[in-house]
Chemist: 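Okay, here's the structure, questions in a sec.
Reminder, nothing fancy here: chain letters follow the sequence lines and each chain counts from 1. Atom set for the values below is all heavy atoms of this structure, side chains included, hydrogens, waters and symmetry mates excluded.
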Amino acid sequence: MRRDFNGGLIAFSRILKIFDKKTGLSEPYFHSQFRLLCTTSNSITTTHTFSPLLRQCIDERSISGIKNIQAQMLKSGFPIQLSGSKLVDASLKCGEIGYARQLFDGMPERHIVTWNSLIAYSIKHRRSKEGVEMYRLMITNNVLPDEYTLSSVFKAFSDLSLEKEALRSHGLAVILGLEVSNLFVGSALVDMYVKFGKTREAKLVLDRVDEKDVVLITALIVGYSQKGQDAEAVKAFQSMLAEGVQPNEYTYASVLISCGNLKDIGIGKLIHGLMIKSGFDSALGSQTSLLTMYLRCSLVDDSLWVFKCIEYPNQVTWTSLISGLVENSREEMALTEFGKMMRDSIKPNSFTLSSALRGCSNLAMFEEGRQIHGIVTKYGFDRDKYAGSGLIDLYGKCGCSDMARSVFDTLNEVDVISFNTMIYSYAQNGFGREALELFERMINLGLQPNDVTVLSVLLACNNSGLVEEGCELFDSFRKDKTVLTNDHYACMVDMLGRAGRLEEAEMLITEVVNPDLVLWRTLLSACNIHRNVEMAERIKRKILEIAPGDEGTLILMSNLYAATGKWNKVIEMKSEMKEMKLKKNPAMSWVEVDRETHTFMAGDLFSHPNSGQILETLEELIKKAKDLGYVEDKSCVFQDMEESAKERSLHQHSEKLAIAFAVWRNVCGTIRILKNLRVCVDCHNWIKIVSRVIKREIICRDSKRFHHFRDGSCSCGDYW
DNA sequence: CTAGGGTTAG
């Protein structure tokens, strides 16, 4: 025993010299540690006697058992602090941090393991604040942190964004030599800098660590991947292989996400191969990332194959599949998979629900979307901003901006994206004033608008004929040095162009560095509306330089020539289109009746099973509309034909067929139809009157926006 | 007796 004391003394004084020099810690620290060494070496027999009993208490999670043992310890004359760390550890393992803390506070001397246990437990159980407070207490009590303390406390610093304190403790790790020699400390540091968003610092730490292992390198790869430095992530992965460190499921899980972001299917498939070879292709986390990678690269079939191989997909796996399918325009399949997920009793989260909702809104599936709204409510995500923006998007795209607004108003937290979604809902439904009001509120709340906000606001002005407001806003955005894209310019060109300010619109395009097809075509379409053949021909030449034989351009020109009676030019355009083997997109409309979608094509009177009843209803509707003053507007027939044939062709437009069908099926409430093209003037006039005839609201979503027809007028104010 | 990394997102 004496020798032990001496050995301990020598060792401690040696350490003390080093510490003194580097940390300035004082003698009392040395004495306290030394006394602890003596007492713990005395008490070994005691703790050993109680160890099996404590283990039993832990197994049974019995805190009363622990208190029993504590009482016995006291009775046998041993002060708690001698075996306190065991009791603290056992209490923590029973989940009783309160009692552990009570024990801890009653100990006049605490072994470092006791400190570490409490700190680690607090941080692991989302009580980082308490963990850090303990850590500070430890320092002020002159207990020097060790590798265990540091590797847990760094996580708390990143949780609480305590960057300054983190740097001080990093310094301590450097002084103690733990940064380079202990992998736990090293990877905790790398992870911390990653969470602070400082991948450069993380890399510097990694470089200093003596012998790198898979966890350390993976922590860095995760950082690159999450910060969008995807090329760096792949590079780190490659150098890891070169150094002979074997990746594991965590490594694959994150590097594959970067491959997906890079859309680098070559390296993605190579890594898939490595995964199979090393057997990590059966780990759920890496399988999920593999699935995501294939979906990001638009290889839907490969991703479905991966999914089929997964035995027990979890919430994240399903969510990844559903959102990826929606992203790849496979909405129907996404909704089917969502149904399967629910049948498998896998709980959805707000990501799952917002993806499923996006699937519905892309297809304007109102009823299906309402069902999912029910699920949102059931799982308590009604006020969640992710699920909420899915709902706002759904109701916006189904033409119900008031319902969208009531969702928006109940959210418990709003951010730029919730505002954007709501402003866009107003914009596409033509509620410009409401959109602008919301935009102002967003600014007052101090939220920084992004490119989507700017586009939504301009679109709102455009769709409501608020040309002056739109121009003013656009000027202010330009002055603010907001980054304006071609989409923003296209919106302005459309706004000015449709208002007949064609020269101004053309001037605006000259500002754009790289004017694209859409921009010119927008202007061309404005020329079409205002029958400006001279300008249109000029624009047409410009477009055909960028995109020879552009289909949309030829169609627009042909329509313009038709509208101005230049039939020989029309024939010229048509033959050119024929030569290019171009066919006009057929005009189509959809209507959902009893959760079933029916499709109608212009001029197609016979393919629907109920075409007889539909035509009968249509004739009746046209007759009643005529009684209220409907007259065919033949200016939108772009073919050279007899007047009566023109009328017949107008009567066969797809939206008229769809509405007739909905009326025949006696759809209750609002009739909602969808169109792939813009609604024509004649149909617009007709639907306005029909809404009065049937005393029902008709909402029509065309390729650009919504029209709400009610009691003889339309929400667009005849401006679209 | 105490310690480190991952996958879903409007």
Chemist: Quick one: which of dG5(B), dT2(B), dC1(B) gets closest to the side chain of Thr218(A)?
Modeler: dG5(B)
Chemist: For DNA chain B, which residues of residues 412-424 of chain A approach it to below 4.0 angstrom with any heavy atom?
Modeler: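 Hits under 4.0 Å, by residue number: Asp415(A), Ile417(A), Ser418(A).
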Chemist: Scan Val214(A) against the nucleic acid and name what it touches under 4.0 Å (heavy atoms): base, sugar-phosphate only, or nothing.
Modeler: base
Chemist: Does Ser354(A) contact dG10(B) through a side-chain donor or acceptor facing the base, at a distance under 3.5 Å?
Modeler: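 Looking at the base of dG10(B), it does not pair with any donor or acceptor on the side chain of Ser354(A) (distance under 3.5 Å).
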Chemist: Under 4.0 Å between any heavy atoms, over every strand shown, what does Asn349(A) touch: base, sugar-phosphate, or nothing? Just pick one.
Modeler: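 Result for Asn349(A) = base.
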Chemist: When you check the gap from the basic side-chain N to the acidic O, do Lys340(A) and Asp344(A) get nearer than 4.0 Å?
Modeler: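 Here Lys340(A) does not pair with Asp344(A) in a salt bridge, since their nearest N and O are not under 4.0 Å apart.
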Chemist: Counting side-chain heavy atoms from C-beta on, which of dG5(B), dG4(B), dT7(B) comes nearest to Ala253(A)?
Modeler: dT7(B)
Chemist: Is any side-chain nitrogen or oxygen of Lys93(A) closer than 4.0 Å to OP1 or OP2 of dT2(B)?
Modeler: yes
Chemist: Taking only residues two or more places apart in sequence, or in another chain, which ones meet Lys198(A) in a salt bridge (Lys or Arg N to Asp or Glu O under 4.0 Å)?
Modeler: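 Scan of Lys198(A) (salt bridge (Lys or Arg N to Asp or Glu O under 4.0 Å), adjacent residues dropped) gives Glu163(A).
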Chemist: Could you tell me whether the phosphate oxygens of dT7(B), OP1 or OP2, come under 4.0 Å of any side-chain nitrogen or oxygen in Arg296(A)?
Modeler: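 No.
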Chemist: Donor-acceptor pair, Asp89(A) side chain versus Thr114(A) backbone, under 3.5 Å?
Modeler: no
Chemist: On a plain distance test, is the side chain of Asn248(A) in donor-acceptor contact with the base of dG5(B) below 3.5 Å?
Modeler: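 It does, because a donor-acceptor pair links the side chain of Asn248(A) to the base of dG5(B) below 3.5 Å.
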Chemist: Output the single nucleotide from dG5(B), dT7(B), dA9(B) whose closest atom is nearest the side chain of Tyr386(A).
Modeler: dA9(B)
Chemist: Go through residues 222-230 of chain A and report each residue with a non-hydrogen atom lying under 4.0 Å from DNA chain B, sorted by number.
Modeler: Val222(A), Gln226(A)
Chemist: For Lys155(A) and dA3(B), is the shortest distance between a side-chain N/O and OP1 or OP2 below 4.0 Å?
Modeler: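 Answer no for this pair, as no side-chain N or O of Lys155(A) is under 4.0 Å from OP1 or OP2.
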Chemist: Where do Asn141(A) and Arg110(A) land on the side-chain contact (heavy atoms from CB on, under 4.5 Å) test, with the steps shown first?
Modeler: CA-CA 10 Å; Asn141(A) 281 5; Arg110(A) 296 119 171 178; 3.5 Å; yes
Chemist: I'd like to know whether NZ of Lys235(A) has more than 12 heavy-atom contacts from other residues, nucleotides or ligands below 6.0 angstrom.
Modeler: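 No.
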Chemist: So that I can tick it off, tell me whether Arg358(A) and Glu327(A) are bridged by a salt bridge, with the cut-off set at under 4.0 angstrom between side-chain N and carboxylate O.
Modeler: yes
Chemist: From C-beta outward on Ala120(A), which listed nucleotide comes closest to its side chain: dG4(B), dT2(B), dG5(B)?
Modeler: dT2(B)
Chemist: Under the salt bridge (Lys or Arg N to Asp or Glu O under 4.0 Å) test, which residues partner Asp302(A), sequence neighbours left out?
Modeler: Lys269(A)
Chemist: Distance check: side-chain N/O of Thr288(A) vs OP1/OP2 of dT8(B), anything under 4.0 Å?
Modeler: no
Chemist: State which residues pass side chain to side chain contact (heavy atoms under 4.5 Å, CB included) with Gln246(A); sequence neighbours excluded, sorted by chain then number.
Modeler: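 Testing Gln246(A) for side chain to side chain contact (heavy atoms under 4.5 Å, CB included), a comparison that skips the adjacent residues, returns none.
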Chemist: How would you list, by chain and number, every residue that makes a side chain to side chain contact (heavy atoms under 4.5 Å, CB included) with Gln229(A), sequence neighbours excluded?
Modeler: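 Gln229(A) satisfies side chain to side chain contact (heavy atoms under 4.5 Å, CB included) with Thr199(A), Tyr224(A), Lys227(A), Glu232(A) only.
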Chemist: Taking atom types as they are modelled, would you say the side chain of Ser389(A) forms a donor-acceptor pair with the base of dG10(B) within the 3.5 Å cutoff?
Modeler: yes
Chemist: Between dG10(B), dG4(B), dA9(B), which one does the side chain of Ser187(A) approach most closely?
Modeler: dG4(B)
